[in-house]
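Comments concern the structure below.
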There are 2 protein chains.
Amino acid sequence: MTILRTPLADGSARGIPDATVARLPVYLRALNALTEQGVSTCSSNDLAENAGVNPAKLRKDLSYLGSYGTRGVGYDVEYLRYQIAREIGQTQDWDVVIVGVGNLGSALSAYQGFSTRGIRVAALVDADPKRVGTTISGITVSSLDDLPAIVEERAISIGIIATPGTAAQEVADRLVAAGVTSILNFAPALVQVPDGVDVRKVDLSIELQILAYHEQRKAGNDKVVGA
Amino acid sequence: MTILRTPLADGSARGIPDATVARLPVYLRALNALTEQGVSTCSSNDLAENAGVNPAKLRKDLSYLGSYGTRGVGYDVEYLRYQIAREIGQTQDWDVVIVGVGNLGSALSAYQGFSTRGIRVAALVDADPKRVGTTISGITVSSLDDLPAIVEERAISIGIIATPGTAAQEVADRLVAAGVTSILNFAPALVQVPDGVDVRKVDLSIELQILAYHEQRKAGNDKVVGA
DNA sequence: CGGATTTTGTTAACGCGTTCACAAACTCTT
DNA sequence: AAGAGTTTGTGAACGCGTTAACAAAATCCG
Ligand SMILES: NC(=O)c1ccc[n+]([C@@H]2O[C@H](COP(=O)([O-])OP(=O)(O)OC[C@H]3O[C@@H](n4cnc5c(N)ncnc54)[C@H](O)[C@@H]3O)[C@@H](O)[C@H]2O)c1
Ligand SMILES: NC(=O)c1ccc[n+]([C@@H]2O[C@H](COP(=O)([O-])OP(=O)(O)OC[C@H]3O[C@@H](n4cnc5c(N)ncnc54)[C@H](O)[C@@H]3O)[C@@H](O)[C@H]2O)c1
């Protein structure tokens with residue numbers, strides 16, 4: 001009974017696959033683009049093309065959320081947009097703290113694109129006394145010691161590490177101690193965190209190294225497969 | 001005959017799985033760390049721990065490259081480091097061009113960490129006349145019109161898009177026309193490229209949105225599905 | 001030398017994600 | 001109202017990546 005819209009009968013955790021979660025923001029952006037074009041209804045083909053994915057994959061992904069389309073018709077753009085936004089928590093804004101406001105941290109602080117995705121840079125923290133107290137993109141840089149107070153006061157659950165790799169583990173420890181339970185790590189270092197804390201790592205060097213690998217393979221195409 | 005070290009008997013393309021390619025740079029860094037610690041030999045367990053992966057996965061990955069370990073002993077750190085570096089093309093430096101030197105492009109230009117990974121930022125390009133001619137991190141910013149000459153002269157095969165999303169497709173077209181065959185795209189936009197050109201996309205907003213999704217799930221554990 | 005020990009390289013099972021293909025459900029037309 | 005046309009939602013097949021398990025190969029030691 002009371003099976004409102006939970007795929008799982010027991011009503012508890014209905015896990016959406018990681019791969020799907022990673023694509024939902026892409027669909028959201030595609031839906032926004034359609035709205036701007038004045039489109040109010042779309043088929044899975046339309047949306048899939050805008051999002052750059054296979055239509056079957058799109059429908060499969062959406063099926064994890066529920067059944068928000070109409071057979072023979074398609075999806076109501078605005079309705080679907082809202083449902084996805086609700087599912088991934090974009091009906092509210094998420095405050096994040098950036099630790100380390102060097103080159104990368106400053107660029108992230110200045111980025112306007114986060115706000116339309118439900119992300120708000122709420123605080124900046126740095127260990128360098130010369131940076132503490134300065135203002136970057138309208139936010140005053142705080143000391144690392146103030147981290148617990150900041151996290152508590154603004155109810156921050158997401159932290160970004162943009163310090164050198166050598167400081168990454170210490171910063172992660174302090175973030176966790178302060179109450180942060182999700183971390184985006186830009187430093188080229190492995191960080192250990194307790195259970196219940198999520199860590200995602202972005203390594204821009206590796207992205208380029210992967211491209212370089214493929215370039216090397218392309219360059220080696222002078223190989224003739226003949227006998 | 002002459003089966004020197006190619007797993008495939010016919011000696012032609014031996015494809016290393018994408019997932020493995022993406023981890024090879026991680027192993028490389030772990031090996032460098034071990035070298036700095038004065039370690040000259042290590043087991044798959046040691047290395048796997050340093051790299052943050054399952055030992056079985058590590059051995060499986062390395063097996064795609066060849067058989068560079070010694071049973072009962074382990075791997076020679078320096079030898080394995082060289083073999084991986086050669087495999088992913090890190091015995092040479094790869095010149096890259098960054099298009100769009102705003103906040104993010106400037107941060108990337110200033111990053112010292114690329115050089116130790118075989119990546120060299122060789123040129124900066126921007127469409128804004130006010131930026132062209134200025135010097136960022138020791139490199140003079142060129143005009144978009146000079147892209148073909150730059151790519152040709154420096155034999156650049158990798159380009160980075162750090163422009164607004166609206167310009168991404170046009171920049172990609174120009175990069176490809178200039179001869180670039182690998183693109184790292186930071187703009188939140190889909191870019192279409194011809195066959196033979198690789199594109200990787202880094203979307204920092206999505207990384208944060210994924211974390212926000214999991215945060216919401218953690219927070220939403222008080223959900224009662226009752227009637 | 002031979003057996004115990006260590007550790008690799010590889011095979012096989014498993015799980016997750018992608019894709020196909022189609023019945024179910026809706027609209028439109030006559 | 002019935003049949004033709006659309007499009008969704010999903011079951012099933014497939015492929016890729018991960019993990020466990022083990023035989024093969026090396027060292028160590030008595
Ligand atoms: N800049 C890039 O484009 C780029 C690219 C790839 C990776 N990264 C990585 O991102 C991280 C930041 O890069 P960056 O170029 O901005 O470096 P940066 O040196 O410009 O800035 C680092 C900042 O961290 C601060 N810091 C140092 N230790 C700290 C600590 N314990 N607590 C708080 N703050 C501390 C420093 O004061 C400084 O402001 C590095 O790990 C780098 O490897 C950067
Ligand atoms: N800054 C960040 O932290 C951040 C985070 C996530 C994503 N991004 C994305 O990265 C890209 C760059 O971000 P940013 O903050 O550096 O933007 P920015 O506005 O600071 O810089 C953009 C630069 O691109 C140049 N440009 C514009 N059109 C161009 C064209 N056709 N050819 C060449 N250059 C052109 C501009 O002159 C400017 O210098 C954007 O797509 C943004 O969405 C940035």
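Computed from a predicted structure; not experimentally measured. Each chain gets a letter, A, B and so on, in the order its sequence line appears, and its residues count up from 1.
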Output the rounded distance in Å from CG (D76(A)) to P (dT7(D)).
16 Å
Going by atom types only, do R59(B) and S44(B) share a side-chain donor-acceptor pair under 3.5 Å?
yes
Residue-phosphate contact under 4.0 Å: R23(B) side-chain N/O, dT18(D) OP1/OP2:
yes
Can you give the donor-acceptor pairs under 3.5 Å from side chains of residues 28-35 of chain A to other protein atoms, not counting sequence neighbours?
{"residue": "R29(A)", "atom": "NH1", "partner": "P188(B)", "partner atom": "O", "Å": "2.8"}
{"residue": "R29(A)", "atom": "NH2", "partner": "D203(B)", "partner atom": "OD2", "Å": "2.6"}
{"residue": "N32(A)", "atom": "ND2", "partner": "L28(A)", "partner atom": "O", "Å": "3.3"}
{"residue": "T35(A)", "atom": "OG1", "partner": "L31(A)", "partner atom": "O", "Å": "3.1"}

Using atom CG of D61(A) as one end and atom C1' of dT18(C) as the other, report the distance to the nearest whole Å.
10 Å
For residues 167-178 of chain A, dump all side-chain donor-acceptor pairs below 3.5 Å to protein atoms at least two apart in sequence or in another chain.
{"residue": "Q169(A)", "atom": "OE1", "partner": "Q192(A)", "partner atom": "N", "Å": "2.8"}
{"residue": "Q169(A)", "atom": "NE2", "partner": "D173(A)", "partner atom": "OD1", "Å": "2.9"}
{"residue": "Q169(A)", "atom": "NE2", "partner": "Q192(A)", "partner atom": "O", "Å": "3.1"}
{"residue": "E170(A)", "atom": "OE2", "partner": "R174(A)", "partner atom": "NE", "Å": "3.0"}

Upstream residue (5' side of DNA chain C) when T70(A) and A56(A) are each assigned their closest nucleotide:
A56(A)
With respect to the phosphate group of dA20(D), does any side-chain polar atom (N or O) of N54(B) fall under 4.0 Å of OP1 or OP2?
yes
note: K57(A), atom NZ; dG17(C), atom P; distance rounded to Å ~ 11 Å
In whole angstrom, what separates L62(A)'s CG from dT19(C)'s P?
15 Å
To the nearest Å, how far apart are L47(B) CG and dT7(C) P?
14 Å
From dT27(D), dT8(D), dG9(C), pick the nucleotide closest to the side chain of R59(A)?
dT8(D)
With a 3.5 Å cut-off and no angle check, do the side chains of T181(B) and E215(A) form a donor-acceptor pair?
yes
Give the rounded distance in Å between these two atoms: CG of N45(A) and C1' of dC20(C).
14 Å
Qualifying residue, where the test is ring pair (Phe, Tyr, Trp, His ring centres under 6.0 Å) with Y68(A) and the options are Y79(A), Y82(A), Y27(A):
Y79(A)
Integer-rounded Å distance: dT7(C) C1' and D46(B) CG:
11 Å
Is Y75(A) near enough to dG9(D) that one of its side-chain N or O atoms lies under 4.0 angstrom from OP1 or OP2?
yes
Of R71(A) and K60(B), whose closest DNA chain D nucleotide lies nearer the 5' terminus?
R71(A)
Length of the CG-C1' vector between L65(B) and dT8(C), whole Å:
14 Å
Quick one: on DNA chain D, does G74(A) or A19(B) contact a more 5' nucleotide (nearest heavy atom)?
G74(A)
More 5' along DNA chain C: G72(A) or D18(A), using each one's nearest nucleotide?
D18(A)
